[in-house]
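Below, read A as the first sequence line, B as the second, and so on, with proteins coming before strands; counting in each chain starts at 1.
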Amino acid sequence: MPDNQLDLLGNLQRSHMCGVLRAKDAGARVTLMGWVNRRRDLGNLIFIDLRDRSGLVQIVVDNEADPALHKKAENVRSEYVLAVVGSVKRRDAATENKNLPTGEIEIIAEELRVLNDAKTPPFSPSEQAIGNEELRLKYRYIDMRRPEMQSNIELRSRISLAIRKSLTDRGFLEIETPFMTRSTPEGARDYLVPSRVYPGSFYALPQSPQLFKQILMISGFDKYFQIVRCFRDEDLRADRQPEFTQIDLEMSFPTQDRVFEVVEAFLVAAFREGGIELKPPFLRMTYDEAICKYGIDKPDLRLPEMTDARKAFTEENLNALSLDPLLPVVAVRIPKVGELSRKERDDNKQLFSPKSGAKLIDDLKRLEKSFPEAVSKLRELSKAEAEDLLVLVAGGPANDRSPIAMRKAAEAVYTSAGAFRVALAQKYKEKHGAFRKAGTADDYRFLWVTDFPMFEYDDKEGRWNAAHHPFTSPHEEDFGKLLSDPGAVRSLAYDVVLNGTELGSGSIRIHRQDIQQLIFHALGMSVEEARSRFGFFLEALEYGTPPHGGIALGLDRIVMILAGAESLREVIPFPKTAKAVDLMVDAPTPVSPAQLKELGISVKT
RNA sequence: GGGGACGUAGUUCAGUUGGUUAGAACGCUGCCCUGUCACGGCAGAGGCCGCGGGUUCGAGUCCCGUCGUCCCCGCCA
């Protein structure tokens, strides 16, 4: 038997959403459905704030007007689900609520149906201060009733739609690729799915649809995109979830510029949904330039670039400071920090983590006593104002003076300085104010970083690794160095970067089987090994592969930035914790011995 | 894998140097209240101080371990 305290929906149909009613609707008869946000019981007069996705509206129940209805309203509690039939009344001037979009009107209830009751929730969607993450994730359905979450999820939907529209308008086809696919040992750890039919064999969930989208180019689909879930079994961060969504695209016969245009167009469309009018084209910068000026491959352009101030010093100066004259002397400038105490300088030193011999000089006053000319020149070169914080990062004398070692030492100086720059910028963000949002396009400093190195040297393994992935094309003019000087080979890989965050990464791919073999060779991969890992793909390359290239961008990060959120969890309906647990459904869980047996799996504990 | 922060009422938090009966606010329950909108007033219920062990005459407080959440490093082609 159903609970007879509750009313049935019957044929009642909703006429309006709660939050859309305005003064012009006065006199209209409406049927609303929603949740009780708050009830204010004044005795013979009861106010109910009814909430749905669109907002709140005040319902009025007057004992004098309808005692039976009033009796019913007395028993209503927070988060009950109601249907209300009533008329829209323009409020008296004295009772308007300027804080509410619907504050000029209220609903005089004529009928009230309690469609469902609710236990007192562990926290209320109407509360300003939100509870801890654990509770929010366990009771995600309640958390998502909060207006902030509703608007984040709605924003996400609108952004996805805008991107789909932008891409399909440009002739891209949205094509699905498998979730159950083949494990490739490169890159991140795979999530595995055991096969029942082939005990001991596993599918892998895709880290990205990389090879499938390249195959689609070989198939002649020309322009592909997909807003697609990707899976990586790596440790989480505030901006990393084990499953996340990429805007993945690939095109045939592209130049880098064509890819950039497409991405810029859909980012303009996406940001328009967030109320921001971007002005493409975005700035471009090579990887080398990014490292020299920002000490990182994802520069935050909201703060001034670094300066190589080596020229400010004579060789004697540098020797006296026991710095290597062949290494850069990087000036890091953070605006408007003002005078620092001794203690504060010492605290800042803790933020500096030097890589291979990089040294910090943070006391410019003391330096000035010994080298007044150099410091004056330094201030000039770095355009430092009196109240700016200025520090130097330079290289100590290097033992190994080979060109390769010196190149590495120089990069260590730049990247140590770059990391310190970011740490200081974070610490003094209140003072320099560069991270404050003005609500304009200037808040979002996009750039393209190009010409990434093709290979990175793995010291532990003693071999070269693909910096992007092994299907990335080298620069044509660097083909000759593939085997002689792999470290100097530039790739046609590119990143799109926003305010120090990598939003996406892509490349022009290798379409020729001979070049692909060469790359595998440079990576120290034997023909057999390459065949066993990527055989199907190498074979496909032999059947008329067009030049192609593409990119993938993190949708979650884009939404997070436009929502002004601090964590990806704020823009993902059902996220996982830092330990990759879903607290609502309580996953992962052990499975029954019968299930394991069927899969041919035994678990060691 | 490593480092850090946190864990006390349904929730957010306070809790002194280790010392009687562990507090506040919000929420909840009941009563009162016709213009509230974070309604107001009165009364009340509500505690495995994350868990386990240790030190002590005595532990929310000190020590060790463990679990959970968050942040960072490693990791994430």
Student: Distance check needed: B:U34 C1' versus A:N44 CG, whole Å only.
Tutor: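 Atom-to-atom, A:N44 to B:U34, this comes out as 6 Å.
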
Student: Are the side chain of A:R509 and the backbone of A:P547 linked by a donor-acceptor contact shorter than 3.5 Å?
Tutor: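 Checking the backbone N and O of A:P547 against the side chain of A:R509, no donor-acceptor pair under 3.5 Å is found.
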
Student: Between C1' on B:C73 and CG on A:L351, what's the gap in Å once rounded to a whole number?
Tutor: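 Taking atom C1' of B:C73 as the reference, CG of A:L351 is at 14 Å.
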
Student: Tell which nucleotide pairs with B:G47, taking only Watson-Crick or G-U wobble pairs whose two distances are both under 3.5 angstrom.
Tutor: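 Its partner: none found.
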
Student: Taking only nitrogen or oxygen atoms into account, show me every contact under 3.5 Å that the protein makes with nucleotides 36-40 of chain B, one pair per line with its distance.
Tutor:
| from | atom 1 | to | atom 2 | distance (Å) |
| --- | --- | --- | --- | --- |
| B:U36 | O2 | A:R40 | NE | 2.7 |
| B:U36 | O2 | A:R40 | NH2 | 3.3 |
| B:U36 | O2 | A:Q58 | OE1 | 3.3 |
| B:U36 | N3 | A:Q58 | OE1 | 2.8 |
| B:U36 | N3 | A:Q58 | NE2 | 3.0 |
| B:U36 | O4 | A:Q58 | NE2 | 2.8 |
| B:U36 | O4 | A:R91 | NH1 | 3.1 |
| B:C37 | O4' | A:R40 | NE | 2.9 |
| B:C37 | O2 | A:Q58 | OE1 | 3.3 |
| B:C37 | O2 | A:N97 | ND2 | 3.1 |
| B:C37 | N3 | A:R91 | NH1 | 2.7 |
| B:C37 | N4 | A:R91 | NH1 | 3.2 |
| B:C37 | N4 | A:T95 | O | 2.4 |
| B:C39 | OP2 | A:R40 | NH1 | 3.2 |
| B:C39 | N4 | A:D41 | O | 2.3 |

Student: Quick one: A:E79 CD to B:C28 P, roughly how many Å, whole number?
Tutor: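 Interatomic distance, CD of A:E79 to P of B:C28: 11 Å.
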
Student: What is the distance, rounded to the nearest whole Å, between atom CD of A:E64 and atom C1' of B:G35?
Tutor: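 After rounding, the gap between these two atoms is 13 Å.
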
Student: Starting at CG of A:N37 and ending at P of B:G27, how long is that distance when rounded to a whole Å?
Tutor: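 A:N37 atom CG is separated from B:G27 atom P by 13 Å.
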
Student: If the P atom of B:U61 is compared with that of B:C72, how far apart are they to the nearest Å?
Tutor: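 Per the computed distance, 30 Å lies between those P atoms.
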
Student: Compare the minimum distances between each of B:C75, B:G35, B:G30 and the side chain of A:E234, then state the nucleotide with the smallest one.
Tutor: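 The nucleotide sitting nearest to the side chain is B:C75.
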
Student: Using the C1' atom as the reference point in each nucleotide, state the distance between B:C13 and B:A22 in Å, no decimals.
Tutor: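 The same atom, C1', in both gives a distance of 14 Å.
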
Student: Pick from A:R38, A:R39, A:R40: which one makes a side-chain hydrogen bond (donor to acceptor under 3.5 Å, both in side chains) with A:D49?
Tutor: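 For A:D49, the side-chain hydrogen bond (donor to acceptor under 3.5 Å, both in side chains) test succeeds with only one of A:R38, A:R39, A:R40, which is A:R40.
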
Student: Base, sugar-phosphate or nothing for A:D233? Non-hydrogen atoms, less than 4.0 Å.
Tutor: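 Nothing: the residue A:D233, judged by heavy atoms under 4.0 Å, touches no strand.
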
Student: State the pairing partner of B:G74; accept Watson-Crick or G-U wobble contacts with both distances under 3.5 Å, and report none otherwise.
Tutor: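 Pair assignment: B:G74 / none.
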
Student: Roughly how many Å apart are B:G3 and B:U66, using the P atom of each and rounding to a whole number?
Tutor: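 Between the two P atoms, the distance is 11 Å.
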
Student: What is the pairing partner of B:G19, taking Watson-Crick or G-U wobble pairs with both distances under 3.5 Å in any strand?
Tutor: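 Matched B:G19 with B:C57 under the 3.5 Å cut-off.
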
Student: Taking all non-hydrogen atoms of both residues, which atom of A:F520 and which atom of A:P470 are closest, and how far apart?
Tutor: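 Smallest heavy-atom distance, with atoms named: CE2-CB, 4.0 Å.
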
Student: For B:A9, give the paired nucleotide (Watson-Crick: N1-N3 plus N6-O4 or O6-N4; G-U: N1-O2 and O6-N3; both under 3.5 Å), or none.
Tutor: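 Pair assignment: B:A9 / none.
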
Student: Assign each of A:R557 and A:T120 to its nearest nucleotide of RNA chain B by heavy atoms, then name whichever residue's nucleotide is nearer the 5' end.
Tutor: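 Closest to the 5' end, via its nearest nucleotide, is A:T120.
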
Student: Checking all strands, does A:E456 fall into the base, sugar-phosphate, or nothing category for heavy-atom contacts under 4.0 angstrom?
Tutor: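 Contact class for A:E456: none.
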
Student: For B:C26 and B:G40, measure between their P atoms and round to the nearest Å.
Tutor: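 Each nucleotide's P atom is 8 Å from the other's.
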
Student: Can you tell me how far P in B:U55 sits from the matching atom in B:U16, rounded to whole Å?
Tutor: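 Result for the P pair: 24 Å, nearest Å.
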
Student: Going by the rule ring-ring contact (aromatic ring centres under 6.0 Å, His included), which residues pair with A:W464 if we only count those two or more places apart in sequence or in a different chain?
Tutor: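 Here the qualifying residues are A:Y457.
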
Student: Can you list everything that forms a ring-ring contact (aromatic ring centres under 6.0 Å, His included) with A:F537? Sequence neighbours excluded, please.
Tutor: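 ring-ring contact (aromatic ring centres under 6.0 Å, His included) check on A:F537 returns A:F471.
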
Student: Determine whether the aromatic ring centres of A:Y224 and A:F212 lie less than 6.0 Å apart.
Tutor: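 Between A:Y224 and A:F212, the centre distance exceeds or equals 6.0 Å.
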
Student: If I pick the C1' atom on B:C67 and the same atom on B:G27, what distance separates them, to the nearest angstrom?
Tutor: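 Here B:G27 and B:C67 have their C1' atoms 28 Å from each other.
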
Student: What interatomic distance, in whole Å, is found between C1' of B:C37 and the corresponding atom of B:G23?
Tutor: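 One C1' to the other, the span is 31 Å.
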
Student: Is the A:Y203-A:F179 ring centre distance short of 6.0 angstrom?
Tutor: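 No.
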
Student: Going by purine N1 to pyrimidine N3 plus the second Watson-Crick contact, or the G-U wobble pair, all under 3.5 Å, which nucleotide sits opposite B:C42?
Tutor: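 Across any shown strand, B:C42 pairs with B:G30.
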
Student: Using whole Å, report how far CG of A:D143 lies from P of B:U12.
Tutor: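 It is 12 Å, rounded to the nearest whole Å.
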
Student: Taking the side chain of A:P122 as its heavy atoms from C-beta onward, which of B:C28, B:G10, B:G35 lies nearest to it?
Tutor: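 Selected nucleotide (nearest to the side chain): B:G10.
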
Student: Looking at every strand, decide which applies to A:L135 at a 4.0 Å heavy-atom threshold: base, sugar-phosphate, or nothing.
Tutor: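 Answer is sugar-phosphate: A:L135 comes under 4.0 Å of backbone atoms only.
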
Student: What's A:P121 touching, base or sugar-phosphate or nothing? Going by heavy atoms closer than 4.0 Å.
Tutor: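 Nothing: the residue A:P121, judged by heavy atoms under 4.0 Å, touches no strand.
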
Student: Compute the centroid of each ring, for A:Y294 and then for A:Y414, and state whether the two points are separated by less than 6.0 Å.
Tutor: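 When the ring centroids of A:Y294 and A:Y414 are compared, they turn out to be at least 6.0 Å apart.
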
Student: Report which part of the nucleic acid A:Q210 touches: base, sugar-phosphate, or nothing (heavy-atom distance under 4.0 Å, all strands).
Tutor: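 Answer is base: heavy atoms of A:Q210 come under 4.0 Å of a base.
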
Student: With sequence neighbours excluded, what pairs up with A:F455 under the ring-ring contact (aromatic ring centres under 6.0 Å, His included) test?
Tutor: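 If we apply the ring-ring contact (aromatic ring centres under 6.0 Å, His included) test to A:F455, skipping adjacent residues, there are no hits.
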
Student: Taking distance alone, no hydrogens or angles, what donor-acceptor pairs closer than 3.5 Å link side-chain atoms of residues 61-69 of chain A to residues at least two apart or in another chain?
Tutor:
| from | atom 1 | to | atom 2 | distance (Å) |
| --- | --- | --- | --- | --- |
| A:D62 | OD1 | A:E64 | N | 2.9 |
| A:N63 | ND2 | A:N44 | OD1 | 2.8 |
| A:D66 | OD1 | A:A68 | N | 3.3 |
| A:D66 | OD1 | A:L69 | N | 3.2 |

Student: Crowded around A:W35 CH2? As in, over 12 foreign heavy atoms under 6.0 Å?
Tutor: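 No, not enclosed.
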
Student: Mind checking the C1' distance from B:C75 to B:U17? Whole angstroms is fine.
Tutor: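 It works out to 45 Å between them.
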
Student: When you compare the protein's N or O atoms with those of nucleotides 66-72 of chain B, which come within less than 3.5 Å of each other, and at what distance?
Tutor:
| from | atom 1 | to | atom 2 | distance (Å) |
| --- | --- | --- | --- | --- |
| B:G68 | O2' | A:E134 | OE2 | 2.6 |
| B:U69 | OP1 | A:T577 | OG1 | 3.4 |
| B:U69 | O4' | A:E134 | OE1 | 3.2 |
| B:C70 | OP1 | A:A578 | N | 3.3 |
| B:C70 | OP2 | A:A578 | N | 2.8 |
| B:C70 | O3' | A:R569 | NH2 | 3.1 |
| B:C71 | OP1 | A:R569 | NH1 | 3.3 |
| B:C71 | OP1 | A:R569 | NH2 | 3.0 |
| B:C72 | OP2 | A:A238 | N | 3.4 |

